[in-house]
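Taking it in order: structure first as structure tokens, then the write-up.
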Amino acid sequence: MLPKDLILSSSEKQAIREYIDHLDCSLSVAQSMIYRDRYLTNDQAHGAMIANLLMKGGGAKLDSDAADALTGDYLDALDDLPAWTVREALRKWNRGKSIKLDGKAHDFNWRPTAPTLRRLAEEEMVAIKALKMQLEKLLEAVPLIEFSEEHCADMRQRLSNLVRGISGERQIRPKTS
């Protein structure tokens with residue numbers, strides 16, 4: 001509920017709906033992105049980022065079979081996330097700026113595990129999801145019903161009389177003007 005003068009107009013509601021649609025698009029895996037100066041689908045971007053992650057080290061040297069298996073693990077962990085979230089999670093990891101998970105600091109000398117990278121990527125969407133929820137609540141807001149002080153006093157008196165009537169006490173007559 002909002003005060004009547006803060007309720008959105010039709011045009012304001014439409015603008016917010018369009019913005020929510022834009023936020024939905026940013027959370028979609030159907031979007032493409034530019035990665036390393038190339039326009040890639042979400043799946044292609046995931047593959048390129050994972051390949052880059054595995055090539056640069058930060059773990060045991062991998063043979064072809066181990067690299068394929070680890071690539072599969074990362075793809076399984078990330079395939080339902082927008083590629084930009086993975087990119088941001090990796091960027092923060094590379095800068096040593098990733099948030100702590102479960103209260104534990106990370107060892108940035110090693111590449112993140114697939115589950116860790118997934119959780120970090122999911123964190124990138126939290127602010128957008130929270131904003132979207134707030135905007136949706138704003139769209140659903142209804143005007144606050146405001147009563148005069150006189151009306152409220154009358155209602156309190158009526159309630160008091162009702163309680164007295166139930167308990168068997170003597171009722172007080174409301175004031176008449």
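- For the pair Ala121 and Ala89, the tightest heavy-atom approach, listed with the atom from each and the gap, is N-CB, 3.7 Å.
- Contact between Ala83 and Met49 at its shortest, heavy atoms only, is O-CE, 3.5 Å.
- Taking a cutoff of 4.0 Å between a charged side-chain nitrogen and a carboxylate oxygen, Asp76 and Arg118 do not qualify as a salt bridge.
- Atom NZ of Lys92 is separated from atom CD of Glu124 by 3.5 Å, given to the nearest 0.5 angstrom.
- Between the CE atom in Met33 and the OG1 atom in Thr41 there is a gap of 10.5 Å [rounded to 0.5 Å].
- For the pair Asp154 (side chain) and Glu150 (backbone), a donor-acceptor distance under 3.5 Å is absent.
- The nearest pair of heavy atoms linking Ser98 to Leu120 is OG-CD1, 3.9 Å.
- Glu12 and Ile7 get closest at one heavy-atom pair: OE1-O, 4.4 Å.
- To the nearest 0.5 Å, atom CG of residue Leu70 and atom CG of residue Leu75 are 10.0 Å apart.
- In this structure, Trp84 is a member of the same hydrophobic cluster as Leu117, with clusters built from ILVMFWY side-chain heavy atoms closer than 4.5 Å.
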Worked verdict on Glu136 versus Lys132 for side chain to side chain contact (heavy atoms under 4.5 Å, CB included): CA-CA 6 Å; Glu136 287 168 343; Lys132 185 180 165 204; 3.2 Å; yes
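- A heavy-atom distance below 4.5 Å is not found between the side chains of His106 and Pro112.
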Cys25 and Asp21: side chain to side chain contact (heavy atoms under 4.5 Å, CB included), yes or no, with the steps? CA-CA 6 Å; Cys25 286; Asp21 289 345; 5.7 Å; no
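- In terms of hydrophobic clustering, with Ile, Leu, Val, Met, Phe, Trp and Tyr side chains grouped at heavy-atom distances under 4.5 Å, Trp93 and Leu54 are assigned to different clusters.
- Note that CD of Glu88 is 13.5 Å distant from CD of Glu123, once rounded to the nearest 0.5 Å.
- Here the closest heavy-atom approach between residue Asn42 and residue Leu81 is recorded as ND2-O, 3.1 Å.
- Every salt bridge (Lys or Arg N to Asp or Glu O under 4.0 Å) that Asp102 has, sequence neighbours left out, goes to Arg119.
- A search for side-chain hydrogen bond (donor to acceptor under 3.5 Å, both in side chains) contacts involving Ser26 returns nothing, not counting sequence neighbours.
- The CG atom of Asp80 sits 8.0 Å away from atom NE2 of His46, with the distance rounded to the nearest 0.5 Å.
- Between the CG atom in Leu138 and the NZ atom in Lys13 there is a gap of 9.0 Å [rounded to 0.5 Å].
- Around the CD1 atom of Ile145, the shell of radius 6.0 Å holds no more than 12 heavy atoms that belong to other residues, nucleotides or ligands.
- For Arg36, the side chain to side chain contact (heavy atoms under 4.5 Å, CB included) partners two or more places apart in sequence, or in a different chain, are Asn52.
- Between Val86 and Tyr74, the closest side-chain pair of non-hydrogen atoms is not below 4.5 Å.
- Linking Ile, Leu, Val, Met, Phe, Trp and Tyr residues whenever their side-chain heavy atoms come within less than 4.5 Å leaves Ile20 and Val29 in two separate clusters.
- Residue Asp5 places its CG atom among more than 12 non-hydrogen atoms of other residues, nucleotides or ligands, all under 6.0 Å distant.
- Hydrophobic clustering (side-chain heavy atoms under 4.5 Å, transitive across Ile, Leu, Val, Met, Phe, Trp, Tyr) groups Leu8 together with Leu131.
- At a threshold of 4.5 Å between non-hydrogen side-chain atoms, the residues Gln14 and Glu18 count as touching.
- Arg156 and Ser160 share no side-chain donor-acceptor pair at under 3.5 Å.
- Following chains of ILVMFWY side-chain contacts shorter than 4.5 Å, one can reach Leu40 starting from Leu53, so the two form part of one hydrophobic cluster.
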